[in-house]
Amino acid sequence: MILDIDHLQTWIGREQIDSETLSPTLVRQFNATFDRRSGTDQGGKAPLLIHLCLAQPIAPMSELGRDGHPALGGFLPPVPLPRRMWAGGAFTFHGDIRIGDEVTRHSKITDVQLKEGRSGALCFVTVQHEVTSDGRHVLSERQDIVYRDIPTAAPDKPKADPAPAATGEHSRTVTPHPTLLFRYSALTFNGHRIHYDKPFCIEDEGYPGLVVHGPMQATMLCQMAADLQGATPARFRFRSLSAIFDDADFTVNAEPHDTGLRLWTAKVGGPLAMEAFAEW
């Protein structure tokens with residue numbers, strides 16, 4: 001497959017603005033999904049990373065691709081690679097989103113790069129989001145999206161199993177039940193079939209099961225960081241290292257690190273899946 005990187009890079013600088021009012025109902029749904037409690041009164045502080053459930057792309061069924069995502073070539077460049085994943089990102093918190101506020105996300109594509117990985121071509125798209133709540137600048141986010149091909153054959157030499165991740169000083173276990181994955185997909189209006197359509201995952205994508213959302217893992221890690229320190233981090237960054245599926249439980253972990261916390265997720269008995277760092 002030939003990727004015309006010069007053409008794809010013409011998307012750099014493209015912008016998109018979306019807004020949505022944060023309702024008490026969405027806060028209740030968000031808390032129910034993560035088994036958390038918080039106030040839902042108008043003007044109250046919203047849960048961390050609930051902005052990932054707001055002002056998301058809304059495309060009609062006729063404009064969706066094979067994987068349930070909006071077809072490429074609109075805001076995001078038309079990368080001709082079938083697998084699309086959240087590779088990582090970073091948040092800088094400037095203030096709190098308030099319930100009842102109109103939340104606006106101003107998005108801009110800042111980079112498109114082509115790299116070669118062990119499994120073939122990788123295309124990385126970087127998107128910068130600036131989020132306001134009732135006109136107040138509350139959040140800056142960098143989102144790293146990676147596109148890759150689906151392996152067509154097994155490697156000649158199977159790779160050795162990676163070492164299992166350690167258990168953190170603070171750790172809890174999560175069962176990636178299909179209902180949990182469905183609820184988060186619904187909250188974020190995410191039609192990506194890898195999170196709810198198991199036959200598609202196995203037969204079309206070659207995965208062993210449903211894929212646990214990267215944003216959901218990042219939210220769990222950020223929630224743990226804030227709970228442990230009793231305050232929202234000033235900065236939170238993360239990267240995805242391997243996928244987690246619904247075929248086994250996974251852990252959410254944290255330990256002290258420099259000026260904050262190092263956090264990570266991992267399948268029980270498996271390698272690091274997502275690694276994050278929170279600073280105050």
Side-chain angles (χ1 to χ4, degrees), residues 13-60 63 69-70 74-76 86 88-110 125-145 180-192 195 213-227 231-238 276 278-280:
R14 189 163 296 204
E15 298 181 72
Q16 181 172 293
I17 299 176
D18 294 287
S19 298
E20 182 177 345
T21 298
L22 175 57
S23 69
T25 297
L26 182 64
V27 174
R28 289 196 296 270
Q29 292 169 339
F30 183 90
N31 285 335
T33 299
F34 288 98
D35 271 328
R36 297 177 66 85
R37 295 180 182 274
S38 70
T40 58
D41 292 341
Q42 293 281 336
K45 180 180 176 181
L48 273 177
L49 301 196
I50 198 171
H51 78 282
L52 297 173
C53 307
L54 293 167
Q56 295 302 304
I58 300 175
E63 295 179 11
H69 267 309
F75 172 64
L76 290 172
W86 231 39
F91 304 100
T92 301
F93 297 95
H94 310 296
D96 298 324
I97 293 174
R98 296 286 172 180
I99 299 168
D101 281 0
E102 182 179 59
V103 178
T104 299
R105 188 184 69 247
H106 186 164
S107 308
K108 183 177 182 178
I109 296 176
T110 59
V125 177
T126 305
V127 184
Q128 183 69 29
H129 304 288
E130 301 298 337
V131 179
T132 61
S133 181
D134 198 26
R136 296 175 294 106
H137 188 204
V138 294
L139 178 69
S140 298
E141 175 188 357
R142 189 196 77 243
Q143 182 181 11
D144 303 321
I145 305 168
L180 171 64
L181 305 189
F182 164 79
R183 280 188 165 193
Y184 193 74
S185 288
L187 280 173
T188 55
F189 203 68
N190 181 357
H192 200 178
H195 303 304
H213 310 70
M216 185 170 70
Q217 293 180 59
T219 299
M220 291 177 176
L221 292 170
C222 198
Q223 289 171 343
M224 175 176 275
D227 289 345
T232 300
R235 292 168 297 279
F236 181 85
R237 57 187 171 89
F238 63 95
E279 297 177 345
W280 283 263

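Remember, predicted model here, so these are calculated numbers, not experimental data.
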Atom of [X], atom of [Y] and distance for their closest heavy-atom approach:
| X | Y | result |
| --- | --- | --- |
| S185 | H195 | OG-CB, 3.6 Å |
| F93 | L49 | CZ-CD2, 3.8 Å |
| T40 | V27 | CG2-CG1, 3.9 Å |
| A218 | W86 | CB-CZ3, 4.2 Å |
| G39 | I99 | O-CD1, 3.4 Å |
| T188 | L52 | CG2-O, 3.5 Å |

Interatomic spacing from [atom1] in [X] to [atom2] in [Y] - rounded to 0.5 Å:
| X | Y | atom1 | atom2 | answer |
| --- | --- | --- | --- | --- |
| E102 | T132 | CD | OG1 | 7.5 Å |
| C222 | F91 | SG | CZ | 7.0 Å |
| F182 | N190 | CZ | CG | 12.0 Å |
| L221 | M216 | CG | CE | 11.0 Å |
| Q217 | Y184 | CD | OH | 10.5 Å |
| F236 | L139 | CZ | CG | 12.0 Å |

Tell me, please, which residues at least two apart from [X] pass salt bridge (charged side-chain N to carboxylate O under 4.0 Å, His left out).
| X | result |
| --- | --- |
| R98 | D96 |
| D227 | R36 |
| R28 | none |
| E130 | none |

Exercise for review: Ignoring hydrogens and angles, state whether a donor on the side chain of S140 or H94 is under 3.5 Å from an acceptor on the partner side chain.
Suggested key: yes

Exercise for review: Decide side-chain contact (heavy atoms from CB on, under 4.5 Å) for L48 and T219; before the verdict, give the C-alpha distance in whole Å, the side-chain angles of both, and the deciding distance to 0.1 Å.
Suggested key: CA-CA 7 Å; L48 273 177; T219 299; over 6 Å; no

Review point. Mind checking whether V127 and L76 have side chains closer than 4.5 Å, heavy atoms only?
Key: yes

Check your understanding: With a 4.5 Å heavy-atom cut-off, do F30 and C53 have their side chains touching?
Key -> yes

Practice item. Dump the intermediate steps for side-chain contact (heavy atoms from CB on, under 4.5 Å) on D101 and R136, then the final yes or no. Key: CA-CA 10 Å; D101 281 0; R136 296 175 294 106; 3.2 Å; yes

Point to revise | Side chain Q56, main chain L54, donor-acceptor under 3.5 Å | key: yes

Point to revise | R105: which of E20, H129, H51 passes side chain to side chain contact (heavy atoms under 4.5 Å, CB included) | key: H129

Practice item. Name all residues meeting the side chain to side chain contact (heavy atoms under 4.5 Å, CB included) criterion together with A225; count only those two or more places apart in sequence or in a different chain, and write none if there are none. Key: P233, L261, L263, A278, W280

Exercise for review: Report the C-alpha distance between T126 and Q128 in whole Å, list the side-chain angles of each, state the deciding distance to 0.1 Å, and finish with yes or no for side-chain contact (heavy atoms from CB on, under 4.5 Å).
Suggested key: CA-CA 7 Å; T126 305; Q128 183 69 29; 5.8 Å; no

Exercise for review: Sequence neighbours left out, what passes side-chain hydrogen bond (donor to acceptor under 3.5 Å, both in side chains) with T110? Give chain and number order.
Suggested key: none

